[in-house]
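The structure appears below as structure tokens.
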Amino acid sequence: MNDFIYFDDSDILDEIENESSAIANQFRYVSKYGNFPVYRCYDSKYYPTPNDAYKDQLEAARKARKFIFLEYLTIQESDIFGEMFEVLRDCAKRGVEVRIIFDFFGSMVYLSQKFVRKMKDCKIQ
């Protein structure tokens with residue numbers, strides 16, 4: 001269990017178990033050993049390109065109260081991500097847990113170590 005977050009996902013895992021024990025086992029593994037609990041999502045939306053999703057991501061991030069988990073293939077220091085960074089920094093300041101997963105190797109041409117340190121200094125994991 002993580003020291004900074006605890007979410008009881010056992011009821012969700014039990015529901016998944018009723019559908020498929022193989023899938024439930026995978027979710028249990030990720031929840032237990034990866035410290036990524038399973039959440040319900042009743043509403044999802046498909047975006048064909050990252051640019052299509054960006055406006056909604058900014059709006060959702062501004063409204064976040066507990067956590068923001070983002071995953072990107074690459075991050076580039078730019079005006080566009082700069083706007084997202086400002087929102088994430090403000091969220092982290094008010095106690096929202098902010099995590100970003102990105103391919104460091106794919107981003108290293110675009111992203112400086114200084115910027116990565118800046119994110120860490122702002123409590124963006």
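The first residue in the sequence is number 1, and the count goes up from there.
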(message) Rounded at 0.5 Å granularity, tell me how far CG in L13 sits from CG in N18.
(response) 11.5 Å
(request) Using the rule that two of Ile, Leu, Val, Met, Phe, Trp, Tyr join whenever any of their side-chain heavy atoms come within less than 4.5 Å, decide whether Y72 and F105 are in one cluster. (result) yes
(message) Hydrogens and angles aside, do T49 and N51 bring a side-chain donor and acceptor to less than 3.5 Å of each other?
(response) no
(request) Check step by step if side chain to side chain contact (heavy atoms under 4.5 Å, CB included) holds for F67 and Y39. (result) CA-CA 12 Å; F67 60 86; Y39 295 90; 4.0 Å; yes
(request) Please indicate whether Y47 has more than 12 foreign heavy atoms, meaning atoms of other residues, nucleotides or ligands, lying under 6.0 Å from its OH. (result) yes
(message) Pair Q125, V98 - check side chain to side chain contact (heavy atoms under 4.5 Å, CB included), show working.
(response) CA-CA 6 Å; Q125 299 180 38; V98 179; over 6 Å; no
Could you list the donor-acceptor pairs under 3.5 angstrom formed by side chains in residues 84-93, with sequence neighbours left out?
residue: E86; atom: OE1; partner: R89; partner atom: NH1; Å: 2.8
residue: E86; atom: OE1; partner: R89; partner atom: NH2; Å: 2.7

(message) Are V38 and F69 linked, directly or through intermediate hydrophobic residues, by side-chain heavy-atom contacts shorter than 4.5 Å (ILVMFWY only)?
(response) yes
(message) Looking at S112, is its backbone amide N or carbonyl O close enough to the side chain of E77 to form a donor-acceptor pair, meaning the two atoms are under 3.5 Å apart?
(response) yes
(request) Please examine the side chains of V96 and R65, heavy atoms only from C-beta on, and report whether any two atoms are closer than 4.5 Å. (result) no
(message) Between the side chains of E15 and R40, is the shortest nitrogen-to-carboxylate-oxygen separation below 4.0 Å, so that they form an ion pair?
(response) yes
(message) Could you check whether any side-chain N or O of S78 sits under 3.5 Å from a backbone N or O of F81, counting only pairs where one atom can act as donor and the other as acceptor?
(response) yes
(request) Kindly indicate whether the side chain of R99, heavy atoms from C-beta on, has any atom under 4.5 Å from the side chain of L70. (result) no
(request) Go through E97 and K123 one step at a time and tell me if the side chain to side chain contact (heavy atoms under 4.5 Å, CB included) criterion holds. (result) CA-CA 8 Å; E97 178 186 356; K123 306 295 186 233; over 6 Å; no
Quick one: side chains of residues 23-31, donor-acceptor pairs under 3.5 Å with protein atoms, not counting sequence neighbours, listed by atom name and distance.
residue: N25; atom: ND2; partner: S21; partner atom: O; Å: 3.2
residue: R28; atom: NH1; partner: E17; partner atom: OE1; Å: 3.0
residue: S31; atom: OG; partner: D9; partner atom: OD2; Å: 2.6

(request) List in chain and number order the residues that pass salt bridge (charged side-chain N to carboxylate O under 4.0 Å, His left out) with K45, two or more places apart in sequence or in another chain; answer none if no residue qualifies. (result) D56
(request) Hey, could you give me the CD1/CD1 distance between I100 and I124, rounded to the nearest 0.5 Å? (result) 5.5 Å
